[in-house]
Amino acid sequence: MTDHAITVLLVDDNAANLEILEDYLGNSGYTLVSACDGVDALEKLMFEPHRYHAVLLDLMMPRMTGMEVLQHMKAHPILTQVPVIIQTAAATPAEVTRGLAAGAHYYLTKPFEKADLLAILTTAIRDRSAYLSVQEELESTAGTLQLLHNGTFRFRTLEEARRLAALLAHAYPDPSRVVTGLLELLLNAVEHGNLGITYSEKSHFLETGQLDEEIARRLQAPAYAGRCAVATFIRHGEDLYLSVIDEGAGFDWRPFLHLDPQRAFDTHGRGIATAKMVSFDSLEYHGTGNHVETVVRTHPQAAAVGHLAA
């Protein structure tokens, strides 16, 4: 389904800016494709929608602006999942909000340092690769989960979370819609929940390339090794409920329910808001934040029918 080479599309109408990007990323190991403006970029994306793992997109361009390219991508069934990093010389909070609402994943303010570019691009590609991995498993998994009425699943590692997300997605009428949200919540239950990796710690580990190493270390540490998260699925009439509970101390979940311009330049922190907007009809956290419930209504007029017990 996908090309295993990690390919990044660089879009800028300024040839000097493209040269800088190519120089910064020349030794990254990524396959780089350049587009001289928005029209050129959209043509390349439409011609090979499965090819790209991330798009580094300038905003102000002739013929077609970056925002217009983004809007076309979000209307496309495949390109809508490709992370877009907007690069701009200046971004007001209103502009950032507009970009996030349109589907941008990250922001970079020109001029930016090579380290900042690599940190954000690495995170975007990590997210994209995780999605593609789960999507491939989703396509190879039998659809008998449509018969699932209820079930409880315990998981401990990120790999178990990914496999469970692919499995549970088949219990929903539109697996492709929910799989990214399921993946986000299950990974959060491991990373931020059971392993206690804070927001600032994850930022640091992503920037230094140590996140996978730290996750592996904590999975073996006595303080975390015995912890499991529990996902409970219930089919109640035309409503599908999912509850995820981890054994962590919780977190302040309120700021993460919505896309915040203040975090637009961070390397992470958008997953919960995206899951709430895209994957589920309802998403609510309870207590200290180590318990989240979601609802998908399989009939547009179906009414919510309470919550799962904690």
- prompt: Okay, side chain of Glu160, backbone of Arg156: is any donor-acceptor separation there less than 3.5 Å?
  reply: yes

- request: Indicate yes or no: at least one non-hydrogen side-chain atom of Leu211 is less than 4.5 angstrom from one of Ile197.
  value: yes

query: Do Glu43 and Val39 come within less than 4.5 Å of each other through their side chains, counting heavy atoms only?
result: yes

- prompt: Would Ser243 and His291 count as a side chain to side chain donor-acceptor pair (under 3.5 Å) if you check the C-alpha gap in whole Å, the side-chain angles of each, and the deciding distance to 0.1 Å?
  reply: CA-CA 7 Å; Ser243 166; His291 178 197; 3.0 Å; yes

field: Residue pair Arg126, Asp212: steps toward the side-chain contact (heavy atoms from CB on, under 4.5 Å) verdict
entry: CA-CA 11 Å; Arg126 179 190 181 93; Asp212 290 336; 2.7 Å; yes

- prompt: Does a side-chain heavy-atom distance below 4.5 Å link Arg51 with Thr31?
  reply: yes

statement: For residues 68-86, the salt bridge (charged side-chain N to carboxylate O under 4.0 Å, His left out) pairs (sequence neighbours left out) are none

Interatomic distance, Leu187 atom CG to Leu182 atom CG [nearest 0.5 angstrom]: 10.5 Å

field: Main-chain N/O of Ala161 paired to Arg163 side chain as donor or acceptor, under 3.5 Å
entry: no

message: Let me confirm one number: the CD-CD distance from Glu201 to Gln210, rounded to the nearest 0.5 Å.
response: 11.5 Å

Distance-minimising heavy-atom pair for Ala231 and Leu164: CB-CD2, 4.1 Å

- request: Mind running side chain to side chain donor-acceptor pair (under 3.5 Å) on Glu22 and Ser34 for me, showing each step along the way?
  value: CA-CA 9 Å; Glu22 291 166 354; Ser34 297; 2.6 Å; yes

message: Quick check for you: to the nearest 0.5 Å, what is the distance between Ile120 atom CD1 and Leu206 atom CG?
response: 10.5 Å

message: Let's go through Lys44 and Glu48 carefully: what are the C-alpha distance in whole Å and the side-chain angles of both, what is the deciding distance for salt bridge (charged side-chain N to carboxylate O under 4.0 Å, His left out) to 0.1 Å, and is it a yes or a no?
response: CA-CA 6 Å; Lys44 286 181 166 66; Glu48 296 180 290; over 6 Å; no

field: Heavy-atom check, side chain of Leu45 versus side chain of His72, under 4.5 Å
entry: no

Closest contact, heavy atoms only, Met64 versus Val69: SD-CG2, 3.7 Å

Donor-acceptor under 3.5 Å (Asn17 side chain, Asp12 main chain): no

message: So, taking the atom named OG in Ser28 and the one named CG in Leu117, what distance separates them when rounded to the nearest 0.5 Å?
response: 8.5 Å

- request: To the nearest 0.5 angstrom, please state how far the OG1 atom of Thr294 sits from the CZ atom of Phe280.
  value: 4.0 Å

- prompt: Sequence neighbours excluded, which residues qualify as side chain to side chain contact (heavy atoms under 4.5 Å, CB included) partners of Ser279?
  reply: Thr180

- request: Taking all heavy atoms of Glu238 and all of Thr298, pick out the closest pair and write down the distance.
  value: O-OG1, 2.6 Å

task: Mind jotting down which residue pairs meet the salt bridge (charged side-chain N to carboxylate O under 4.0 Å, His left out) criterion with at least one end in residues 52-66? Sequence neighbours excluded, please.
output: Asp37-Arg63, Asp58-Lys110

- request: Write out all pairs satisfying salt bridge (charged side-chain N to carboxylate O under 4.0 Å, His left out) with one or both partners inside residues 242-257, taking only residues at least two apart or from two chains.
  value: Asp252-Arg254

message: Can you list everything that forms a salt bridge (Lys or Arg N to Asp or Glu O under 4.0 Å) with Lys202? Sequence neighbours excluded, please.
response: Glu191

field: Single-linkage hydrophobic cluster Val230~Leu283, side-chain heavy atoms < 4.5 angstrom
entry: no

field: Inter-residue atom distance Asn188.CG - Leu183.CG, 0.5 Å rounding
entry: 9.5 Å

field: Check against side-chain contact (heavy atoms from CB on, under 4.5 Å), Ile272 and Lys276
entry: CA-CA 6 Å; Ile272 293 172; Lys276 184 173 184 287; 5.5 Å; no

Test item: Lys114 and Leu118 side chains (from C-beta on) under 4.5 Å apart, heavy atoms: yes

- prompt: Are Phe233 and Phe153 close enough that their ring centres sit under 6.0 Å apart?
  reply: no

task: For residues Thr157 and Val190, report the shortest heavy-atom separation together with the two atoms involved.
output: O-CG2, 3.9 Å

message: Tell me whether the rings of His236 and Tyr241 are parallel (<30°), tilted (30 to 60°) or perpendicular (>60°).
response: perpendicular

query: Which heavy atom of Ala104 sits nearest a heavy atom of Tyr107, and at what distance?
result: CB-CE1, 4.3 Å

field: Sequence-distant partners of Arg154, salt bridge (Lys or Arg N to Asp or Glu O under 4.0 Å), two or more places apart
entry: none

message: Check this for me: Met46, atom CE, are more than 12 non-hydrogen atoms of other residues, nucleotides or ligands nearer than 6.0 Å?
response: yes

Non-hydrogen atoms of Pro83 and Tyr106 that approach each other most closely: CB-CE1, 4.5 Å

field: Sidechain-backbone polar pair: Arg235 side chain, Ala171 backbone, donor-acceptor under 3.5 Å
entry: yes

message: Run the side-chain contact (heavy atoms from CB on, under 4.5 Å) test on Leu10 and Leu25 for me, step by step, so that the C-alpha distance in whole Å, both residues' side-chain angles and the decisive distance to 0.1 Å come before the verdict.
response: CA-CA 10 Å; Leu10 313 176; Leu25 299 173; 3.9 Å; yes

message: I'd like to check Leu121 versus Tyr30 (side-chain heavy atoms, cut-off strictly below 4.5 Å). Are they in contact?
response: yes

message: Evaluate Tyr285 against Leu257 for side-chain contact (heavy atoms from CB on, under 4.5 Å), listing each step before the verdict.
response: CA-CA 9 Å; Tyr285 276 88; Leu257 291 178; 4.2 Å; yes

message: Contact between Gln81 and Val179 at the side-chain level, heavy atoms closer than 4.5 Å - yes or no?
response: no

message: Could you tell me if the side chain of Leu186 sits less than 4.5 Å from the side chain of Phe155, heavy atoms only?
response: yes

query: Less than 6.0 Å separating the ring centroids of His192 and Tyr199?
result: no

- prompt: Would a hydrophobic clustering, with Ile, Leu, Val, Met, Phe, Trp and Tyr connected at side-chain separations under 4.5 Å, put Leu70 with Ile78?
  reply: no

task: Apply the side chain to side chain contact (heavy atoms under 4.5 Å, CB included) test between Ile86 and each candidate in Leu59, Leu108, Val55, Leu56; give the one that qualifies.
output: Leu59

